[in-house]
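Have a look at the structure below before the remarks.
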Amino acid sequence: MEFEGTQTASQCLSFCMLGFFATTQCKKLRAKVFLGEVLKVYISKYMKASRMLGDQLALAWVVKSHPYFDAKRFTRPQAFQEEIGGASVLFLPCAIYNWTPPEGAGQFHGMPLDVKVIHFKGSRKRLMLKSWNFLNGSSSSDICCASS
């Protein structure tokens, strides 16, 4: 799940959550409870939302309803960790961990040098093969490509 970088009041978080990692049974249970809360919010509030947007809105609602939520933390392009509902959640800046080439782009002009994950959406999927070939021919091995 991710928070896309839109400018609407209900969706102002420009960070992504790529999954979860549990090292103990206790942490696994906390993650399950946290994601269960997101699912409850999704079912009660956002099930009729756009098929790809409801999960993001539900996740944002759970995060923003946390008593210690601080929107200022999301304005800095740095990863940070927060305890939410007993689960430890790592927030990653989308500019680095979910960068998307501009619409209509045939190349990667303007791509930040520190990008770790390239997200190919919609018509930009045509750039995947070109990117994969470039990546295989370069010495940079810490970039991941994702598609949706």
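Note that the structure is a prediction, hence the values are computed from the model and not measured. Only heavy atoms go into these numbers, but all of them, side chains included; no hydrogens, no water, no symmetry mates.
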Shortest non-hydrogen separation from Pro77 to Ile96 and the atoms involved = O-CD1, 4.3 Å
ask   = Which distance, rounded to the nearest 0.5 Å, do you find between the NZ of Lys32 and the CD of Glu37?
value = 14.5 Å
key: Nearest-0.5 Å distance that lies between atom CG in Asp55 and atom CE in Met47   = 12.5 Å
Atom pair CD/CG of Glu82 and Asp70 - distance to nearest 0.5 Å = 8.0 Å
message = Using the side chain to side chain contact (heavy atoms under 4.5 Å, CB included) definition, which of the options Leu39, Val41, Leu35, Val89 pairs with Val62?
response = Val41
request  = Mind checking the NZ-CZ spacing from Lys64 to Phe74? Nearest 0.5 Å is all I need.
outcome  = 9.0 Å
query = Does the His66 side chain pair with the main chain of Glu83, one donor and one acceptor, at a distance under 3.5 Å?
reply = yes
Where Phe69 and Val63 come nearest, the two heavy atoms and their spacing = CD1-O, 3.5 Å
ask   = Parallel, tilted or perpendicular: which describes the rings of Phe91 and Phe80, with under 30° parallel and over 60° perpendicular?
value = parallel
note = When rounded to the nearest 0.5 Å, the distance separating CH2 of Trp99 from CG of Asp114 is 11.5 Å
task = Mind listing the closest non-hydrogen atom pair of Val115 and Ala95 along with its distance?
result = CG2-O, 3.7 Å
ask   = What distance do Tyr46 atom OH and Leu53 atom CG have between them, rounded to the nearest 0.5 Å?
value = 9.0 Å
